[in-house]
Amino acid sequence: MSDEELIEICLAEARAAWVEDEVPVGALITDNKGTIVSRAHNMTRSLNNPGAHAEMLAIERAANALGNYRLTGCSLYVTMEPCLMCAGAIIEARVVRLVFGCSDKKRGAFGSVIDTNLLPLNHKVEMTGGVLKDDCAKLLKDFFSLRRGTEVAITGPTRNRLYV
């Protein structure tokens, strides 16, 4: 399958996240033959777990499916550029290739805010960004535009408070 076809599958996962009132991000992992071994979408709210990003869940599921925490030869596809937490998991799992849709100018860890590949780490990830970026970005923009002004109901009254 092409990168575009695989990102389309990620978009289907992202739409499933939206239905569950989760931030619409979807991910999947393919093995070295291109076979999909795991799929996931954000589940931070439903699992009450700030680490339940689509990438983290896809990595965990792929490791379980393959019986190895090292995902050597595997590729990760995701609708939005991974954050720093997810970048760490990608490095630890030894994912060989990352393909993402839209950039994340607030938290992106593969070029937007920082570039994990420029850090002196023991693993580098082949990266392709911008695959179906307009479709991926539109889904996120539409989701958040519907929720503007509802932050207290969604995340609680302490959202974005500064503590001194």
Side-chain angles (χ1 to χ4, degrees), residues 1-18 20-30 36 38-47 49-63 71-72 74-148 150-151 154-155 159-162:
M1 297 180 87
S2 70
D3 288 350
E4 290 78 10
E5 290 170 314
L6 291 165
I7 291 292
E8 282 287 357
I9 295 169
C10 292
L11 279 164
E13 282 290 330
R15 290 182 193 100
W18 183 324
E20 296 172 18
D21 207 26
E22 299 279 357
V23 175
V25 176
L28 65 81
I29 292 184
T30 61
I36 297 171
S38 71
R39 294 170 61 156
H41 56 267
N42 276 359
M43 296 184 72
T44 55
R45 293 188 67 217
S46 58
L47 295 178
N49 178 352
H53 289 194
E55 304 94 309
M56 300 292 284
L57 297 172
I59 288 169
E60 180 180 3
R61 291 172 184 174
L71 302 179
T72 55
C74 291
S75 298
L76 169 66
Y77 293 79
V78 61
T79 55
M80 184 170 69
E81 179 184 0
C83 70
L84 188 56
M85 173 185 69
C86 294
I90 291 165
I91 299 297
E92 288 300 316
R94 303 301 191 266
V95 170
V96 70
R97 183 166 184 246
L98 166 66
V99 178
F100 65 86
C102 61
S103 297
D104 184 350
K105 300 294 182 194
K106 293 181 180 178
R107 302 178 317 137
F110 283 93
S112 291
V113 176
I114 64 165
D115 188 343
T116 304
N117 277 331
L118 296 178
L119 299 174
L121 302 173
N122 62 339
H123 180 72
K124 305 297 179 195
V125 181
E126 293 175 37
M127 185 190 66
T128 303
V131 178
L132 300 179
K133 67 179 180 181
D134 294 338
D135 295 337
C136 296
K138 182 177 180 347
L139 188 63
L140 287 159
K141 286 177 187 172
D142 290 351
F143 177 83
F144 285 112
S145 70
L146 289 173
R147 281 150 181 81
R148 248 181 218 102
T150 64
E151 291 89 352
I154 292 173
T155 62
R159 178 183 162 88
N160 293 331
R161 280 201 188 151
L162 296 176

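A distance-only check finds a donor-acceptor pair linking the side chain of Asn42 to the backbone of Ala54 [under 3.5 Å]. Arg39 places no side-chain N or O within donor-acceptor distance of the main-chain N or O of Glu13, the cut-off being under 3.5 Å. The closest donor-acceptor contact from the side chain of Thr79 to the backbone of Leu11 lies at 3.5 Å or more, if one exists at all. Under the 3.5 Å distance criterion, the side-chain polar atoms of His123 are left unmatched by any main-chain donor or acceptor of Ile90.
Note that CE of Met127 and CG of Leu76 are 12.5 Å apart. Values are rounded to the nearest 0.5 Å. A distance of 5.5 Å separates CD1 in Ile91 from CG in Leu121, rounded to the nearest 0.5 Å. Between the SG atom in Cys136 and the CD atom in Glu8 there is a gap of 8.0 Å [rounded to 0.5 Å]. Here the straight-line distance linking atom CD1 of Ile59 with atom CG of Leu71 works out to 7.0 Å at 0.5 Å rounding. The SG atom of Cys74 sits 12.0 Å away from the CD1 atom of Ile36 when rounded to the nearest 0.5 Å.
Considering only heavy atoms from C-beta on, Glu4 comes within 4.5 Å of Val131 through its side chain. Looking only at side-chain heavy atoms (C-beta outward), Thr128 and Arg97 come within less than 4.5 Å of each other. Side-chain contact check for Leu6 versus Thr30: some heavy-atom pair is nearer than 4.5 Å. By the 4.5 Å heavy-atom criterion applied to side chains, Asp104 and Phe110 are not counted as neighbours. When side chains are defined from C-beta on, Cys86 counts as touching Met56, because their heavy atoms get closer than 4.5 Å. By the 4.5 Å heavy-atom criterion applied to side chains, Glu55 and Leu98 are not counted as neighbours. Between Phe100 and Lys133, every side-chain heavy-atom pair lies at or beyond the 4.5 Å cut-off. Using a 4.5 Å cut-off on side-chain heavy atoms (C-beta onward), Thr44 and His53 make contact.
Using modelled atom types, one finds a donor on one side chain and an acceptor on the other under 3.5 Å when comparing Glu81 with Ser112.
Among all heavy-atom pairs drawn from Ala14 and Gly26, the shortest one is CB-N, 3.6 Å. Across Met1 and Glu5, no two heavy atoms sit closer than the pair CA-OE1, 3.3 Å. Nearest heavy-atom pair across Ser38 and Arg61 is CB-CB, 3.7 Å. Shortest non-hydrogen contact noted between Cys10 and Tyr77 is SG-O, 3.3 Å.
Salt bridge Lys138/Asp134: absent, no basic N to carboxylate O contact under 4.0 Å.
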